Amino acid sequence: TAKLQTVAKSAGKLYFGTATDNSELSDTAYTAILDDNTMFGQITPANSMKWDATEPSQGQFTFSGADQIANLAKTNGMLLRGHNCVWYNQLPSWVSNGGFTTAQLTSIIQTHCSTLVGRYKGQVCTCPSHSWDVVNEPFNDDGTWRSDVFYNTLGTSFVEIALNAARQADPTAKIYINDYNIESPGAKSTAMQNLVKSLKSSNVPIDGVGLQCHFIVGETPSSASLIQNMNAFTALGVEVAITELDIRMTLPSTAALLAQQKTDYTTVISACQAVSGCVGVTVWDWTDKYSWVPSTFSGQGAACPWDQNFQKKPAFDGIVTGFGN
Ligand code: G3I
């Protein structure tokens, strides 16, 4: 039977990966599949590198959860995607409460990003690269800037402050800005493209744009629009990656919904396959047992390629098909 990392590599991609979380790692039936580096060649920590987990009080860094996942990736020979340095959500209150001068918040961002990124510098050094979602979700859906402590205090300069700190802390890491609803052409994707253009023209380091891809069965963007949009980014001189793929449905799942989900997974994977600058794909956990969807969208779920009993769904074969097999 096909293994997803093997299939992705032979299709010319760097990796097929998954998010995981520390609380899941005591489930031995789960880790038996997670730890197979022919299935997953890349790991993203779903929560344990976020600001609330890594710097809960100013200057007090706690890396136990983050280290556990970084070590898992290292032990298994998997790429590590750091997630994330600067995001409006899961911030400790000492940050989100604000009240900083621009100089104070600049220094806070620099210390946080450089300490976090620097800790995992050179991780998985036998692999070609690893990546960081340095800035996460900076835009509203209409393409305006999100109103948060970073933007409200520093304007758009928080982006370059964070990117510069990350680049200095680990010059070999690919540094990304990551967002959702930028997967097909539209106001939010245009805003991200304009940001990339402006960073490039000011020589601010930026290597890639992460397309989260939290989609809905039957409403997944078409292959043509996914490809057109990825090409718009790569034309600006950045790579793209599918960073948080899942495709949810209204429960209960039926054979028809699972079949449509398979088609939708194929659509997304084949779009990445069609764009050489799309370097890899990460699912936002591989099993419905640990998906974030049901707790956020009431009545929805079954978004992952394996079910809650760790049985492969039709979506699994849809991924394999998308890589051209
Ligand atoms: O850690 C606490 C725990 O102490 C407490 O007992 C428990 C009770 O609710 O909550 C735990 O925190 C939860 C945390 O996940 C860790 O499990 C939060 O409530 C919960 O809101 C949080 O959800 C995470 C979500 O980001 C928060 O925005 C999801 O697991 C995580 O998968 C999700 O990931 C995001 C990406 O970072 C960015 N893109 C979207 C994606 C999906 O929302």
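As the structure lists them, so they are numbered: ligands from 1, and atoms in each ligand from 1. Note that the structure is a prediction, hence the values are computed from the model and not measured.
Counting heavy atoms closer than 4.0 Å to ligand 1, residue Trp284 contributes side-chain atoms (C-beta onward) but none from N, CA, C or O. For Asn136, every heavy-atom contact with ligand 1 shorter than 4.0 Å involves the side chain, none the backbone.
Contact annotation for atom 1 (O) of ligand 1: protein absent (non-hydrogen atoms, distance under 4.0 Å). Distance check for atom 21 (O) of ligand 1: every protein heavy atom is found at 4.0 Å or beyond. Under the 4.0 angstrom criterion, atom 34 (O) of ligand 1 counts as having a protein heavy-atom contact. Within a 4.0 Å radius of atom 37 (O) of ligand 1, the protein contributes one or more non-hydrogen atoms. For atom 42 (C) of ligand 1, the nearest protein heavy atom lies under 4.0 Å away. Distances from atom 24 (C) of ligand 1 to the protein include at least one heavy-atom value under 4.0 Å. Atom 30 (O) of ligand 1 is approached by the protein to below 4.0 angstrom, counting heavy atoms only. Protein heavy atoms are absent from the 4.0 Å sphere centred on atom 7 (C) of ligand 1.
In terms of protein heavy atoms, atom 26 (O) of ligand 1 is closest to Lys50 NZ, 3.1 Å. Closest protein heavy atom to atom 39 (N) of ligand 1: Glu244 OE1, 2.6 Å. Nearest non-hydrogen protein atom to atom 27 (C) of ligand 1 is Gln90 OE1, 3.2 Å. Closest to atom 17 (O) of ligand 1, if we only count protein heavy atoms, is Asn47 ND2, 3.9 Å. Scanning the protein heavy atoms around atom 28 (O) of ligand 1, the nearest turns out to be Asn89 ND2, 3.0 Å.
Listed here is the closest heavy atom pair of Asp285 and Thr18: CA-OG1, 3.3 Å. Closest heavy-atom contact between Ala303 and Ser291: CB-OG, 4.4 Å. In plain terms, the two heavy atoms of Ile206 and Val238 that are nearest each other are O-CG1, 3.9 Å. Here the shortest heavy-atom pairing between Ala166 and Ile175 reads CB-CG2, 4.0 Å. A pairwise comparison of heavy atoms in Phe215 and Pro221 identifies CE2-CD, 3.5 Å as the closest pair.
Checked by distance only, ligand 1 and Asn84 stay at 3.5 Å or farther apart across all their nitrogen or oxygen atoms.
Of all atoms in ligand 1, listed by their number and element, those nearer than 4.0 Å to a heavy atom of Gln212 are 39 (N), 40 (C). Of all the atoms in ligand 1, the ones that sit under 4.0 Å from a non-hydrogen atom of Glu137 are 38 (C), 39 (N), 40 (C). For ligand 1, the atoms sitting less than 4.0 Å from at least one non-hydrogen atom of His214 are 40 (C), 41 (C), numbered in the order shown with element in parentheses. Close approach of ligand 1 to Trp87 is summarised as follows: ligand atoms under 4.0 Å from at least one heavy atom of the residue are 28 (O), 37 (O), 38 (C).
Between Trp286 and Phe310, the ring centre distance stays below 6.0 Å.
A cation-pi arrangement is absent between Lys3 and Phe16 under the rule of less than 6.0 angstrom and at most 45 degrees off the ring axis. Relative to the ring axis of Tyr176, Arg81 places its NZ or CZ within 45° and under 6.0 Å from the centre.
Contact check on Arg248 versus Asp264 returns no salt bridge, with no Lys/Arg side-chain nitrogen under 4.0 Å from an Asp/Glu carboxylate oxygen.
Judged by distance alone, the side chain of Glu239 and the main-chain N or O of Gly277 form no donor-acceptor pair under 3.5 Å. Remark: the backbone N or O of Asp21 is not paired with any side-chain donor or acceptor of Ser48 at under 3.5 angstrom.
Relative ring orientation between His83 and Trp87 is described as tilted, the plane-to-plane angle lying within the 30° to 60° band.
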